[in-house]
Amino acid sequence: MKTDVFLARFVRANRGDFANQAGVVAGLRRSPRVGIVYVSSFYPEHFKDFDDVCPIPPAPVRGYLTNRLEGEILKKRPPVYWGGGVDLQDSGSKIKIALLFIRILLLKRRGSRFVLAFQGAGPIRTRFGKFCLKLISRLIDYAIVREPTAQKILLEDAAMSAAEVALGVDSALLLEPPQSEFGRTYLQKHKFDISRPILGVNLRRWYHQRGGWLPTEFRSKNQAPGGAERMQTLISEMAQAISANGAYSQILMVPMYRRYPEMWEDDIVLLEELKSKLPSNYVVSFLEEDVSAFELLSIFSMLDVMIGVRLHSTIMAHIAGVPALHIAYEHKGIEHYDHMGMRDLILSIGEASTPGGAKVIQERLAAIQAHRDTIAEQCRRRCEELRVLAQNQLEKSLESITSSMS
């Protein structure tokens with residue numbers, strides 16, 4: 001007998017979260033145990049091709065509370081999956097982790113089992129954050145974490161048992177390799193010559209989360225952020241490296257947080273600054289349209305190389321079989337590249353955002369160019385292996401949850 005599943009995590013504007021959500025949906029659809037996948041989404045059109053996926057409008061208060069339609073679904077007591085991203089942390093805001101506790105409590109009120117699916121965790125730096133983490137851990141029936149750091153936090157700080165916590169990978173890796181037709185048409189429409197190399201680039205601020213009570217998006221954007229000088233240095237060094245490498249005169253700027261509706265994130269602003277420092281004869285375009293995770297993968301499949309600060313810009317490249325240089329600002333990037341066996345394709349944010357960073361970036365790009373086909377094949381092979389691992393972990397979670405419901 002098949003079981004309907006509710007994928008409840010709120011997703012808006014963040015393309016990395018789209019990929020996480022789409023990956024869990026893809027994995028659940030492949031499972032012989034699953035019937036209908038209900039998914040909380042502002043973008044029902046992203047799932048229009050799937051008869052067994054039912055998008056529902058997200059709950060109020062940015063998805064943390066509940067609504068009537070969600071209540072009707074919960075009456076059936078489906079297993080609830082909360083997938084992707086990093087919600088178990090207090091570095092962005094203390095209030096979010098408290099709201100997460102309330103959200104899970106509401107999702108379980110009819111007796112549903114709750115699975116934390118392919119999530120990261122941490123940092124947890126405050127007493128209040130640790131208190132909320134322990135409350136949340138009592139509501140989690142099963143957890144698949146995406147990296148060893150998250151596993152350690154749930155086992156040690158949240159005192160969950162080893163039987164309740166499995167080590168997996170990022171849920172985006174549950175996505176299948178893409179077809180290239182959509183991406184080819186998209187890039188040609190934006191005046192790219194697809195017979196020549198195309199470089200993908202992503203930037204983000206990495207220092208703006210300060211752990212106050214209010215979420216980052218509600219703080220004044222006009223405040224002078226700490227680390228702003230290093231951000232400008234990173235942009236300058238990256239521009240020098242790209243300009244010095246004559247092979248990449250076609251560049252697709254990829255904001256992983258879209259400008260609208262989340263204007264508080266500034267990927268696009270930083271990418272515009274980068275463009276202003278590149279030679280005027282370069283072909284540069286910005287990927288601002290609303291595209292699904294499946295369409296984004298297709299676009300990525302047409303790139304030659306990706307340089308990304310946001311982790312999912314590089315994960316999506318890997319799934320598409322594209323070598324990616326990641327500028328890592330915290331542990332999650334390093335641990336994904338450990339999964340991939342590609343630690344040599346990482347630069348620390350410190351190396352890239354200080355004078356001389358251009359030389360290091362240029363050297364890594366040259367190394368990728370010299371072995372591009374070999375690295376691309378490693379991406380494809382390793383992503384397939386990790387997809388199997390993630391699917392097996394998903395099946396184990398379904399087996400554990402459904403057996404406890406019978």
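Reckoned from all heavy atoms, side chains included, excluding hydrogens, waters and symmetry mates. Because the structure is predicted, anything quoted here is derived from the model rather than measured.
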Is it the case that over 12 heavy atoms from other parts of the model lie below 6.0 angstrom from the CG atom of D344?
yes

I need the L311 CG to Y337 OH distance, nearest 0.5 Å.
7.5 Å

Parallel, tilted or perpendicular: which describes the rings of H318 and H336, with under 30° parallel and over 60° perpendicular?
parallel

For S112 and P78, work out which heavy atoms get closest and say how close.
OG-O, 2.8 Å

Taking all atoms of both residues into account, what is the closest heavy-atom pair of S298 and Q179, and its distance?
OG-O, 2.7 Å

State whether R205 and E273 are salt-bridged, where the test is any N-O pair (Lys NZ or Arg NE/NH1/NH2 against Asp/Glu carboxylate O) under 4.0 Å.
no

Kindly determine whether S31 and E395 satisfy side-chain hydrogen bond (donor to acceptor under 3.5 Å, both in side chains), including the steps that lead there.
CA-CA 7 Å; S31 174; E395 294 298 335; 3.1 Å; yes

Considering only heavy atoms from C-beta outward, does the side chain of R30 approach that of R387 to under 4.5 Å?
yes

Would you indicate whether K108, at its atom NZ, is surrounded by more than 12 heavy atoms from other residues, nucleotides or ligands within a distance under 6.0 Å?
yes

Restricting to non-hydrogen atoms, name the atom on I327 and the atom on S348 that form the minimum distance, rounded to 0.1 Å.
CG2-O, 4.2 Å

Exercise: do D193 and Q250 side chains pair donor with acceptor under 3.5 Å:
no

Check the pair V37 / F47 against side-chain contact (heavy atoms from CB on, under 4.5 Å), numbers first and verdict last.
CA-CA 11 Å; V37 180; F47 303 100; over 6 Å; no

Identify whether the distance between the nearest side-chain nitrogen and carboxylate oxygen of R310 and D267 falls below 4.0 Å.
yes

I'd like to know whether Y248 forms a ring-ring contact (aromatic ring centres under 6.0 Å, His included) with Y282, so could you lay out the CA-CA distance, the side-chain angles of the two residues, the decisive distance to 0.1 Å, and finally the verdict.
CA-CA 8 Å; Y248 297 124; Y282 277 25; 9.7 Å; no

Is the CD atom of E181 crowded by more than 12 outside heavy atoms at less than 6.0 Å?
no

All side chain to side chain donor-acceptor pair (under 3.5 Å) counterparts of R381, not counting sequence neighbours
none

What distance separates I144 CD1 from L154 CG, expressed to the nearest 0.5 Å?
12.0 Å

Locate the shortest heavy-atom distance separating S243 from P279; write the atom from each residue and the value.
OG-CD, 3.3 Å

Please verify the inter-ring angle class for F18 with H46; under 30° counts as parallel, over 60° as perpendicular, anything in between as tilted.
perpendicular

Is there side-chain contact between E45 and D290, with at least one heavy-atom pair below 4.5 Å?
yes

Under the salt bridge (Lys or Arg N to Asp or Glu O under 4.0 Å) rule, what do E330 and R204 come out as? Steps first, then yes or no, please.
CA-CA 13 Å; E330 60 179 45; R204 74 160 296 178; over 6 Å; no

Is the closest basic N to carboxylate O distance between R382 and E385 below 4.0 Å?
yes

Are any non-hydrogen side-chain atoms of P177 and R380 less than 4.5 angstrom apart?
no

Hey, could you give me the CG/CD distance between L167 and Q151, rounded to the nearest 0.5 Å?
4.5 Å

side-chain contact (heavy atoms from CB on, under 4.5 Å) between R9 and Q119: does it pass, once the steps are laid out?
CA-CA 11 Å; R9 187 172 185 257; Q119 273 251 328; 3.5 Å; yes

For R259, is there an ion pair with E272 - N to carboxylate O distance below 4.0 angstrom?
yes

Does the side chain of P255 come within less than 4.5 Å of L271's, by heavy atoms?
yes

Is there a donor in the side chain of Y186 and an acceptor in the side chain of E295, or the other way round, less than 3.5 Å apart?
no

Non-hydrogen atoms of I346 and G333 that approach each other most closely:
CD1-O, 3.7 Å

Crowding at CZ, F101 (>12 non-hydrogen neighbours, <6.0 Å)
yes

Without hydrogens or angle criteria, can the side chains of H190 and E289 be said to hold a donor-acceptor pair below 3.5 Å?
yes

Side-chain contact test, heavy atoms from C-beta onward, threshold under 4.5 Å: evaluate it for L203 versus M238 and give yes or no.
yes

If only side-chain N and O atoms count, and only distance matters, is there a donor-acceptor pair under 3.5 Å linking H312 with D170?
yes

More than 12 heavy atoms of other residues, nucleotides or ligands under 6.0 Å from CD of E384: yes or no?
no

Scanning both residues in full, the closest heavy-atom pair of S171 with G84 reads OG-CA, 4.1 Å

